[in-house]
Amino acid sequence: MRIATWNVNSVRQRLDNVLAWLAECAPDVVCLQEIKCETAAFPREPFERLGYNLAVHGQKGFNGVALLSKYPFDEVSHGLHGDEADIQARFLEAVISTKTGCVRVVSLYLPNGNPVSTEKYTYKLKWMDRLIQFSHERLKLEEPLVLTGDFNVIPAVVDAQRPAAWVNDALFLPATRERFRALTDLGLTDAIRAVTDAGDLYTFWDYTAGAWAKNDGIRIDHILLSPHAADRLKTAGIDKHVRGWEKPSDHVPVYVDLDFEPR
DNA sequence: ATGACTCAGGAACTGAGA
């Protein structure tokens with residue numbers, strides 16, 4: 001089973017790119033972030049025509065997450081517990097059934113947090129604390145869990161081409177990285193790091209200043225696996241070439257192949 | 001150089017992104 005994540009920076013602007021990528025990647029489950037539209041405005045038809053079930057949690061203008069699945073959804077819920085006043089559309093959770101078992105998948109869009117001297121950064125850190133609590137609860141279920149999306153976290157120096165440029169940034173500050181490490185300390189596995197310790201593996205290149213041409217990238221889109229999901233990990237990869245397409249998102253897809261064949 | 005592009009909203013710009 002191939003599960004992928006992609007911050008598309010507007011699903012309506014990126015529709016042609018997303019359809020072209022689906023054709024070549026052929027994922028079974030896709031987590032989308034920054035769909036930038038209300039739920040009712042999501043272009044459902046082209047995805048349903050390809051055989052995907054849809055779950056969408058949108059809002060007007062900003063944010064918005066979605067799930068596509070060739071397998072049926074058992075349970076779908078949106079919103080991250082711990083702050084009833086938080087109305088930003090950044091979290092969508094579903095249980096997906098296959099003939100050989102279930103997998104719980106979360107499509108998340110973690111707050112950016114810049115500028116760090118504002119309430120935006122405290123919102124990010126509190127959101128991460130809530131995510132740690134959520135993960136702690138879900139890991140008790142001892143089931144395959146795929147926690148994935150745009151984390152807006154550069155986990156380590158090796159995950160940026162120019163780490164010095166990010167030392168005071170909300171994506172790389174110690175308080176940010178400590179909380180990401182708290183997630184992995186709970187027992188979640190960073191799928192890319194499970195298959196390679198190589199550098200030059202990025203998922204985002206800024207639109208400005210020729211960042212793509214200079215390969216001035218960062219790795220901030222992640223797939224975290226519970227032990228029961230990590231046991232099934234076959235491959236993990238980043239579809240870097242998609243950044244070179246016409247009218248690209250500033251992020252590229254990341255995917256894992258999990259073995260859900262009968263045993 | 002707290003900039004450079006790209007998006008949504010809404011009709012000229014601003015805010016947000018990272």
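As a basis for the values below, the full set of heavy atoms in this structure was taken, side chains included, without hydrogen atoms, waters or symmetry mates. Here the structure is a predicted model, which is why all the values come from computation and not from measurement. Naming: A, B, ... by sequence-line order, numbering from 1 per chain.
Contacts of A/Asn152 with the nucleic acid, taken as non-hydrogen atoms under 4.0 Å apart, involve only primed sugar atoms and P, OP1 or OP2. Within 4.0 Å of A/Phe172, counting heavy atoms only, lies no atom of the nucleic acid at all. Within the 4.0 angstrom heavy-atom criterion, no nucleotide atom of any strand lies near A/Asn63. Note on A/Arg90: only backbone sugar-phosphate atoms sit closer than 4.0 angstrom, heavy atoms only; bases stay farther off. Here A/Asp216 lies out of heavy-atom contact (under 4.0 Å) with every strand. Looking at heavy-atom distances under 4.0 Å, A/Lys120 makes contact with sugar-phosphate atoms alone, never a base.
In this structure, a donor-acceptor pair under 3.5 Å is present between the side chains of A/Asp221 and A/Thr203. Using modelled atom types and a 3.5 Å distance limit, the side chains of A/Gln33 and A/Asp150 yield no donor-acceptor pair.
Along DNA chain B, the nucleotide closest to A/Trp166 and the one closest to A/Gly61 are compared, and the more 5′ of them pairs with A/Gly61. Residue whose closest nucleotide on DNA chain B sits further toward the 5' end, between A/Cys37 and A/Gly113: A/Cys37.
Distance noted for atom P between B/dA12 and B/dG17: 25 Å (whole Å). Comparing the P positions of B/dT14 and B/dA4 gives a spacing of 12 Å, expressed to the nearest Å. Comparing B/dG10 with B/dG15, their C1' atoms are spaced 13 Å from each other, to the whole Å. Straight-line distance between the P atoms of B/dA18 and B/dG3: roughly 15 Å, to the nearest whole Å. Taking the P atom of each, B/dT2 and B/dC7 are spaced 25 Å apart, rounded to whole Å.
For the pair A/Lys247 and A/Asp16, the salt-bridge criterion is not met [side-chain N within less than 4.0 Å of a carboxylate O]. With respect to A/Asp83 and A/Lys126, no salt bridge is recorded, no charged nitrogen being found less than 4.0 Å from a carboxylate O. Note on A/Arg232 versus A/Asp259: no salt bridge recorded, every NZ/NE/NH1/NH2 to OD/OE distance being 4.0 Å or above. With salt bridges taken as basic N to acidic carboxylate O contacts below 4.0 Å, one links A/Asp159 and A/Arg193.
Chain A approaches DNA chain B within less than 4.0 angstrom (heavy atoms of the protein), and the contacting nucleotides run 5' to 3' from B/dA4 to B/dA18.
Here A/Phe91 and A/Phe134 bring their ring centres to under 6.0 angstrom of each other.
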